[in-house]
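Here is the structure we will look at.
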Amino acid sequence: MLQVPFLRENKERVLNGLRKRNWKEEDLQIIDRILELDSSRRKLLQEVEQLQARLKQLSGEIGALYKQGKREEAEASKAEVSSLKEQMKTPEEQLKKVKAELEQLLLEVPNVPNDLVPFGKSEDDNEIYKAWPDELPELGENALPHWELAKVYQLFDLELGTKLTGAGFPVYLGQGARLERALINYFLDRAHRAGYLEVSPPLLVNADTARATGQLPDKEGQMYFVERDGFYLIPTAEVPVTNIYRGAILEEEDFPIKLTGYTPCFRREAGSYGAHVRGLNRVHQFDKVEIVRIEHPDRSYAALDEMLEHVSSLLDELELPYRIVRLCGGDLGFTSALTYDFEVYSAAQKRWLEVSSVSNFETYQSNRLQLRFKDGKKKRLAHTLNGSALALARIVAALLENNQTENGIELPKVLHSYTGFERIEKP
RNA sequence: GGUGAGGUGGGUGAGUGGCUUAAACCGCCGGUUUGCUAAACCGGUGUCUCGGGAAACCGGGACCGCGGGUUCGAAUCCCGCCCUCACCGCCA
């Protein structure tokens with residue numbers, strides 16, 4: 001959520017940001033409406049508080065008068081109090097209304113994109129930030145997509161998941177399950193070595209938590225909800241992990257804060273269909289190791305670069321062909337100021353699969369989180385960032401497809417000590 | 001799920017309607033004293049928000065788990081909710 005004073009002082013910048021996000025000109029009026037509401041909120045607040053101050057003073061006097069036995073004077077003051085209260089009613093109600101509407105509208109304004117964010121409408125307009133250098137890997141004629149490989153090698157079973165739960169809940173089996181576990185451990189170990197503190201958070205969160213990182217109200221339909229207890233299943237570890245610092249007031253020397261966590265992620269993905277969602281390409285439950293950083297505003301973009309380096313090094317070690325794209329205004333997440341996606345090339349499907357998304361939210365999340373640090377005497381909002389390092393299901397898909405041979409599926413060297421086998425063979 | 005006890009500032013904790021501008025102690029910051037450290041003593045020490053000011057700061061309001069209510073006046077009384085702890089039940 002943006003701060004009103006920021007909005008007031010940077011109106012043009014905010015408007016241009018919304019234009020970059022392809023907002024229609026008539027929808028930009030929301031900003032003027034917000035500023036209007038805020039100015040009447042301040043006016044009403046002053047009015048109400050002046051009356052309150054007078055009330056407070058009077059009731060103190062009444063107490064004193066009673067003590068002195070001056071009953072009649074006390075009664076007279078009481079009459080004044082009740083007329084003051086009558087006067088307060090209207091502005092109080094207006095204030096309540098204005099505040100509610102203001103709050104509502106503020107939730108509808110997304111983050112201001114960084115200057116680096118390109119203009120564009122959809123993922124087709126994303127800018128290639130780092131391209132795969134050589135020609136893309138080619139597989140032979142009889143190369144199989146990962147969902148076929150899964151059958152041949154008995155690595156995961158989607159029909160079985162449908163029996164247990166429903167579509168999009170894969171059951172990993174045998175070497176597939178071990179590969180899954182190996183990748184999680186490998187990613188966590190690498191994050192640990194890069195200085196991230198490992199946390200293992202709850203998988204269900206309350207509404208306050210979901211709101212603070214911006215999933216509510218924007219992505220309400222995307223999350224599974226446990227009605228009976230009012231809990232949401234997390235769509236990413238970002239939610240519980242970032243919320244660890246909700247309400248915190250940090251010292252400058254606390255930076256950088258680097259956290260990592262493995263969790264399953266649950267996404268309803270309503271409305272998805274077609275060939276692009278076959279196999280592991282898009283599922284309702286997948287495993288992911290997330291990295292989260294809380295940074296000094298001056299250092300957050302350097303931190304973002306470090307995170308890109310970290311994710312790149314993982315993909316290098318996994319020997320997967322990948323590219324990095326900078327999301328355009330139309331594809332940029334609601335809460336993000338700048339996002340880089342990592343896409344791995346799936347040679348059998350001949351398409352790029354998104355496996356990581358690394359973003360700087362600047363103060364957008366920390367405003368809702370009320371996550372601040374002491375800058376001298378003042379308190380300032382910190383910057384929050386996060387990125388997948390990495391999301392499992394699609395990595396598994398790419399590993400299986402790209403490394404298939406006559407004699408089985410060869411695994412990258414870095415995983416051997418984690419899996420306990422170097423090659424997936426027919427059972 | 002049942003019963004009981006609780007929820008007060010960074011911490012412990014006092015406070016049953018106005019003398020609370022939330023005591024006291026601890027912690028923290030600054031100072032005095034001091035070879036250093038410590039002790040002792042003195043002063044300061046929350047959050048949010050509105051207004052004024054270049055700023056230091058000054059003034060108003062709110063905040064004692066959350067939301068309502070009673071009252072001229074609520075940390076204190078009443079109602080609802082949430083949470084914590086203890087015991088019982090169930091249980092990996």
Side-chain angles (χ1 to χ4, degrees), chain A residues 1-9 34-107 200-212 216 225-232 240 243-254 257 263-264 363 365-382:
Chain A
M1 195 159 60
L2 297 175
Q3 298 177 100
V4 177
F6 173 85
L7 228 57
R8 207 182 316 155
E9 284 153 34
I34 286 173
L35 295 178
E36 247 172 60
L37 282 168
D38 181 59
S39 102
S40 58
R41 178 189 68 90
R42 295 194 333 249
K43 215 179 273 164
L44 287 164
L45 189 65
Q46 264 179 279
E47 196 179 327
V48 168
E49 286 186 349
Q50 259 170 29
L51 291 168
Q52 269 176 347
R54 178 73 186 137
L55 271 178
K56 222 173 128 173
Q57 190 198 348
L58 277 174
S59 45
E61 285 170 14
I62 291 170
L65 288 171
Y66 269 121
K67 223 151 277 167
Q68 294 164 31
K70 298 180 181 168
R71 287 203 55 154
E72 276 178 29
E73 286 176 49
E75 292 302 323
S77 290
K78 274 196 194 179
E80 190 181 341
V81 166
S82 54
S83 98
L84 278 176
K85 281 189 138 180
E86 212 41 52
Q87 277 180 55
M88 263 170 85
K89 266 187 191 159
T90 315
E92 258 181 342
E93 269 166 39
Q94 281 175 347
L95 183 62
K96 226 176 183 175
K97 256 199 216 153
V98 163
K99 276 168 94 169
E101 196 188 340
L102 182 62
E103 185 72 17
Q104 187 56 42
L105 291 184
L106 278 172
L107 287 174
S200 181
L203 307 181
L204 286 85
V205 295
N206 59 33
D208 284 344
T209 297
R211 197 173 298 117
L216 287 180
F225 180 55
V226 181
E227 195 154 350
R228 194 168 167 153
D229 298 288
F231 295 153
Y232 294 85
N243 267 278
I244 290 173
Y245 282 91
R246 170 149 51 96
I249 297 174
L250 302 166
E251 303 290 339
E252 270 198 49
E253 58 265 30
D254 294 332
I257 290 170
T263 68
T363 60
Q365 283 186 330
S366 56
N367 188 30
R368 279 201 220 176
L369 287 158
Q370 281 306 297
L371 165 50
R372 289 161 301 164
F373 70 98
K374 287 187 192 158
D375 186 16
K377 279 200 167 176
K378 295 255 192 273
K379 286 169 200 74
R380 282 174 68 192
L381 295 172

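Bear in mind the structure is a predicted one, so any value in this text is a computation, not a measurement. Below, chain A is the first sequence line, B the second, and so on; all start at residue 1.
Rounded to a whole Å, the CD atom of Glu251(A) is 14 Å from the P atom of rC28(B). Atom CG in Asp229(A) sits about 13 Å away from atom C1' in rG1(B), given to the nearest Å. With rounding to whole Å, Lys379(A) atom NZ is found 10 Å from rU49(B) atom P. The CD-C1' distance, from Gln57(A) to rG18(B), rounds to 15 Å in whole Å.
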Below 3.5 Å is the cut-off: list the nitrogen or oxygen pairs between protein and nucleotides 70-76 of chain B, distance only.
| unit_1 | atom_1 | unit_2 | atom_2 | d |
| --- | --- | --- | --- | --- |
| rG73(B) | OP1 | Lys85(A) | NZ | 2.7 |

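In this structure, Glu252(A) and Lys374(A) have side chains that are not in contact, with every pair of non-hydrogen atoms separated by 4.5 Å or more.
Residue order along RNA chain B, read from the 5' end via each residue's closest nucleotide, puts Glu61(A) first among Glu61(A) and Arg41(A).
Residues satisfying the salt bridge (charged side-chain N to carboxylate O under 4.0 Å, His left out) test with Glu86(A), not counting sequence neighbours, are Lys89(A). For Glu72(A), the salt bridge (charged side-chain N to carboxylate O under 4.0 Å, His left out) criterion is met by no residue, not counting sequence neighbours. Partners of Glu92(A) by salt bridge (charged side-chain N to carboxylate O under 4.0 Å, His left out), not counting sequence neighbours: none found. For Tyr232(A), the ring pair (Phe, Tyr, Trp, His ring centres under 6.0 Å) partners two or more places apart in sequence, or in a different chain, are Phe225(A).
Around CD of Glu227(A), the count of heavy atoms belonging to other residues, nucleotides or ligands within 6.0 Å does not exceed 12.
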Under 4.0 Å protein heavy-atom contact, by nucleotide of nucleotides 59-68 of chain B - B base, S sugar-phosphate only: -BBS------
